[in-house]
Protein chains: 2
Amino acid sequence: MGATLKDIAEKSGYSITTVSRALSGYDDVNEQTRQHIIHVANALGYEPNLPARHLRGLSTQTIGMVIPANDQTFSAHDFFSQLLTGVGDAASRERYDLLISTQVPGEEEMAAYRRMVRGNRVDGMVLARTRQHDPRIAYLHEQGHPFVVSGRSAPGEPNDYPFIDVDSQAGLRILTEFLIELGHRRIGLILPPEDIAYTDYRHNGYREGLAHRGLEYQADYVVHGDLLRSGGYRGAQRLLDTHPLLTAIIACNDLMALGTMSAIQGRGLQVGRDVAVAGFDDIPAAEYAHPALTTIQQPIYEIGQRLVHMLLAIIRGEDLPESQILLQPKLVVRASSGPKIT
Amino acid sequence: MGATLKDIAEKSGYSITTVSRALSGYDDVNEQTRQHIIHVANALGYEPNLPARHLRGLSTQTIGMVIPANDQTFSAHDFFSQLLTGVGDAASRERYDLLISTQVPGEEEMAAYRRMVRGNRVDGMVLARTRQHDPRIAYLHEQGHPFVVSGRSAPGEPNDYPFIDVDSQAGLRILTEFLIELGHRRIGLILPPEDIAYTDYRHNGYREGLAHRGLEYQADYVVHGDLLRSGGYRGAQRLLDTHPLLTAIIACNDLMALGTMSAIQGRGLQVGRDVAVAGFDDIPAAEYAHPALTTIQQPIYEIGQRLVHMLLAIIRGEDLPESQILLQPKLVVRASSGPKIT
DNA sequence: CTTGACATCCGAAACGTTTCGGGTTAGATT
DNA sequence: AATCTAACCCGAAACGTTTCGGATGTCAAG
């Protein structure tokens with residue numbers, strides 16, 4: 001089907017070597033010859049066979065990324081969509097493609113990493129949503145394969161790799177103190193699953209916020225949820241069933257905050273008046289939500305782009321000025337947190 | 001770095017051939033031998049070199065997709081996020097990976113297609129957002145490479161390929177008639193750019209709807225916008241500047257509808273009371289918008305999944321029962337279209 | 001004892017590219 | 001006339017895998 005160097009060589013009367021060198025711009029081939037070869041190549045619709053190149057160990061011009069598929073069918077976390085877009089756009093500008101595998105965390109997921117790394121399909125990997133004792137990081141480390149991470153290790157674990165993360169401990173502290181300042185005293189918290197690396201940071205931030213303002217930490221104001229709307233819905237139901245006097249709920253991502261709002265509204269209560277709600281991420285839907293969602297902003301798209309630049313620097317052997325970046329979170333106040341109460 | 005068949009062969013005392021055959025499950029190798037070889041392979045952390053396999057012409061277990069990057073930096077169309085998720089989830093279940101390249105339509109984009117197809121990197125392609133006289137379809141046709149399409153050709157062009165599309169002509173007719181039934185007589189329309197294949201279908205549907213109800217088509221009630229929020233915003237401004245008496249605006253996708261709502265609200269008018277708004281797609285944000293958006297639902301995620309199943313059937317040489325699927329659109333009425341007016 | 005069948009194994013070629021280490025020629029220099 | 005240089009070209013090996021077409025040895029049947 002596709003024309004090869006050999007075809008061009010035969011048609012043009014030169015050797016495969018010369019054809020190869022002509023097409024890749026070496027200067028030891030006559031300019032006329034080169035033109036002729038290029039002409040023949042175009043006529044035949046030649047396109048280099050990439051696997052053959054990669055077999056020779058040349059760059060694949062490809063970045064790999066494994067994204068977690070969720071429970072059932074749906075993996076459209078807004079977070080990953082945005083990250084992926086940032087990564088994709090930046091990669092495209094550097095003439096890199098993306099190899100994507102969506103996998104449920106577990107053995108299959110590790111296999112996907114192995115296929116990409118040891119299978120020689122990518123120059124580097126972008127890793128997201130770190131977990132406690134993350135086996136993916138251990139693997140990439142051991143392989144010595146270039147990689148960058150969105151998010152850092154859980155508190156207490158080593159951070160011996162390049163990453164970009166938002167200081168979500170500070171984020172939750174700010175959010176908690178903000179709600180306390182509005183007059184709230186009983187604030188529920190819906191955390192991510194325990195194995196997510198940032199869960200403890202956010203938990204700590206919440207505790208810090210309470211402590212700063214002299215409030216007692218109540219363990220039963222805190223529940224865990226998957227990171228989806230449904231998890232937020234169920235978490236809020238659980239909190240409000242057991243503690244109807246809560247006046248505010250913080251969900252650790254916007255999707256769960258949206259679920260929380262549904263649960264509150266489903267009970268005939270009004271978000272922002274009866275119960276204040278806040279989220280984390282500032283995904284596009286946060287702005288359009290009704291009422292609009294008070295949240296902590298993470299520049300996800302930009303993080304995606306910067307991760308690519310870091311990764312390419314590593315691949316190219318340049319040394320990067322900053323390899324561990326901790327961004328400061330930004331509070332975005334909208335209607336869902338309601339007015340000051342008394 | 002990575003162990004090869006040769007390494008395993010040396011370590012185990014068998015030939016490369018036998019190692020290869022043992023690992024790929026041929027039955028002409030002694031079971032004990034196989035166990036031994038598998039053991040050695042695991043000990044060395046063997047992972048097959050994919051490029052070498054692909055060079056031999058074996059399946060790449062990869063589906064390619066080129067997604068359009070928009071104007072400046074941002075390509076996070078909700079539409080593509082959802083489609084990508086559907087494609088990714090279905091592919092994952094069939095043990096396929098995705099090769100993604102984001103490209104601005106044009107020469108670079110075609111080059112990306114060539115790299116994937118002729119460069120032998122994918123078994124098949126998923127193509128989305130068809131354009132008039134789409135060169136990508138022509139190319140894939142000519143190459144005889146398996147592909148499926150989300151969307152069909154513009155009216156009058158041949159549809160000689162497998163696709164899934166929503167009957168958006170019917171969709172716009174339904175939407176238009178619905179607004180007329182609510183009492184609207186002056187309805188603006190914000191179309192996609194002219195070169196998008198479905199633009200004419202939607203334009204025709206709008207005209208049909210008017211005609212059915214005995215209303216005159218007014219060419220200056222119709223403008224074009226890019227498919228982003230900003231385009232909807234600008235389009236609505238233009239319409240309302242020139243025709244302040246419009247009582248309804250249909251935007252041809254939800255993103256533009258959201259922009260339209262901003263424009264209306266920015267003029268101190270109320271969406272659903274002063275001006276009715278409707279969109280197309282039913283992306284998640286439509287439900288959360290304020291007011292919630294009346295729109296035509298497209299099952300984008302499911303389309304993504306079904307496209308993968310069609311594509312894999314083609315790749316495997318099975319014949320598919322249906323290769324050209326036209327889905328019926330569904331009207332979703334929410335607050336943005338307002339009540340009946342008199 | 002010969003033959004055939006079976007189980008097990010392997011050598012070598014092939015996929016398409018890049019690159020090392022040359023070779024050939026023509027013209028310039030001695 | 002011999003030597004050198006520069007310009008241009010090419011053969012062959014290598015990357016890691018799969019697979020075709022045997023090779024070898026063992027054992028049962030004739």
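Only this structure's heavy atoms are used, side chains among them; waters, hydrogens and symmetry mates stay out.
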Colleague: Would you mind reading off the distance between A:Asp7 atom CG and C:dG16 atom P, rounded to a whole angstrom?
Modeller: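 A:Asp7 atom CG is separated from C:dG16 atom P by 8 Å.
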Colleague: With B:Glu94 as reference, evaluate B:Leu312, B:Ile63, B:Leu311 under the side-chain contact (heavy atoms from CB on, under 4.5 Å) test and give the passing residue.
Modeller: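 Only one option passes, and that is B:Leu312.
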Colleague: Check if the side chain of A:Ser20 and the base of C:dT19 share a donor-acceptor pair of N or O atoms closer than 3.5 Å.
Modeller: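 Checked by distance alone, the answer is no.
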Colleague: Given C:dT19, D:dC15, C:dT17, which nucleotide is nearest the side-chain atoms of A:Leu55?
Modeller: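 The closest nucleotide is D:dC15.
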Colleague: Considering only distance and modelled atom types, tabulate donor-acceptor pairs under 3.5 Å from the side chains of residues 3-11 of chain A, sequence neighbours left out.
Modeller:
{"from": "A:Thr4", "atom 1": "OG1", "to": "A:Lys6", "atom 2": "N", "distance (Å)": "3.2"}
{"from": "A:Thr4", "atom 1": "OG1", "to": "A:Asp7", "atom 2": "N", "distance (Å)": "3.4"}
{"from": "A:Asp7", "atom 1": "OD2", "to": "A:Thr4", "atom 2": "N", "distance (Å)": "2.9"}

Colleague: If you go through the side-chain atoms of B:Thr17, does one of them form a donor-acceptor pair with the base of C:dG11 closer than 3.5 Å?
Modeller: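 A donor-acceptor contact between them is present.
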Colleague: Send over the distance from A:Asn49 CG to D:dC15 C1', rounded to a whole Å.
Modeller: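 The distance from CG of A:Asn49 to C1' of D:dC15 comes to 13 Å, rounded to the nearest Å.
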Colleague: Could you check whether B:Pro51 gets within reach of a base, just the sugar-phosphate, or nothing at all, counting any heavy atom under 4.0 Å?
Modeller: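 No contact.
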Colleague: Rounded to the Å, how far apart are A:Arg115 CZ and D:dG16 P?
Modeller: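 Checked: the CZ to P distance equals 20 Å.
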Colleague: Rounded to whole Å, how long is the line connecting atom CG of B:Leu58 with atom C1' of C:dA14?
Modeller: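 After rounding, the reported distance stands at 12 Å.
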Colleague: Let me know, please, whether B:Gly13 or A:Lys6 comes out on the 5' side of the other along DNA chain C by nearest nucleotide.
Modeller: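 The residue mapped nearer the 5' terminus is B:Gly13.
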Colleague: Taking CD from A:Gln32 and P from D:dC8, how many angstroms apart are they, rounded to a whole number?
Modeller: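 Rounded to whole Å, this separation is 10 Å.
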Colleague: By side-chain contact (heavy atoms from CB on, under 4.5 Å), which residues pair with B:His141, not counting sequence neighbours?
Modeller: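 B:His141 satisfies side-chain contact (heavy atoms from CB on, under 4.5 Å) with B:Ile137, B:Phe147, B:Asp160, B:Tyr161 once adjacent residues are dropped.
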Colleague: Measure across B:Ile37 and B:Ser12 and return the closest heavy-atom pair with its distance rounded to 0.1 Å.
Modeller: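 Smallest heavy-atom distance, with atoms named: CG1-OG, 4.2 Å.
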Colleague: Taking salt bridge (charged side-chain N to carboxylate O under 4.0 Å, His left out) as the cut-off, I'd like each qualifying pair that reaches into residues 30-54 of chain A, sequence neighbours left out, listed once.
Modeller: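 Listed by first then second residue: A:Glu31-A:Arg34, A:Glu47-B:Arg114.
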Colleague: Can you check the A:Gln35 CD to D:dC8 P distance for me, whole Å?
Modeller: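 Rounded to whole Å, this separation is 13 Å.
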Colleague: Using whole Å, report how far CZ of B:Arg53 lies from C1' of D:dT19.
Modeller: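 To the nearest whole Å, that distance equals 13 Å.
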Colleague: Would you tabulate the nitrogen or oxygen pairs shorter than 3.5 Å linking the protein to nucleotides 4-9 of chain C?
Modeller:
{"from": "C:dT8", "atom 1": "OP1", "to": "B:Asn30", "atom 2": "ND2", "distance (Å)": "3.0"}
{"from": "C:dC9", "atom 1": "OP1", "to": "B:Thr33", "atom 2": "OG1", "distance (Å)": "3.1"}
{"from": "C:dC9", "atom 1": "OP2", "to": "B:Asn30", "atom 2": "N", "distance (Å)": "3.0"}
{"from": "C:dC9", "atom 1": "OP2", "to": "B:Thr33", "atom 2": "OG1", "distance (Å)": "3.1"}
{"from": "C:dC9", "atom 1": "N4", "to": "B:Asp28", "atom 2": "OD2", "distance (Å)": "3.0"}

Colleague: Taking only N and O in the side chain of A:Tyr26, is any of them less than 4.0 Å away from OP1 or OP2 of C:dT19?
Modeller: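 Result: yes.
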Colleague: Reading DNA chain D from 5' onward, which residue's closest nucleotide shows up sooner: A:Ile16 or B:Ala52?
Modeller: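 Between the two, 5'-proximity favours A:Ile16.
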Colleague: Which residues pass the salt bridge (Lys or Arg N to Asp or Glu O under 4.0 Å) test with A:Asp319, not counting sequence neighbours?
Modeller: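 For A:Asp319 there are no salt bridge (Lys or Arg N to Asp or Glu O under 4.0 Å) partners, ignoring immediate neighbours.
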Colleague: Would you list the pairs meeting salt bridge (charged side-chain N to carboxylate O under 4.0 Å, His left out) in which at least one residue belongs to residues 305-315 of chain A, sequence neighbours left out?
Modeller: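 Passing the test, one end in residues 305-315 of chain A: no pairs.
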Colleague: Measure CG/A:Leu23 against C1'/D:dC9 and give the value in whole Å, please.
Modeller: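 Distance check: A:Leu23 CG to D:dC9 C1' gives 15 Å.
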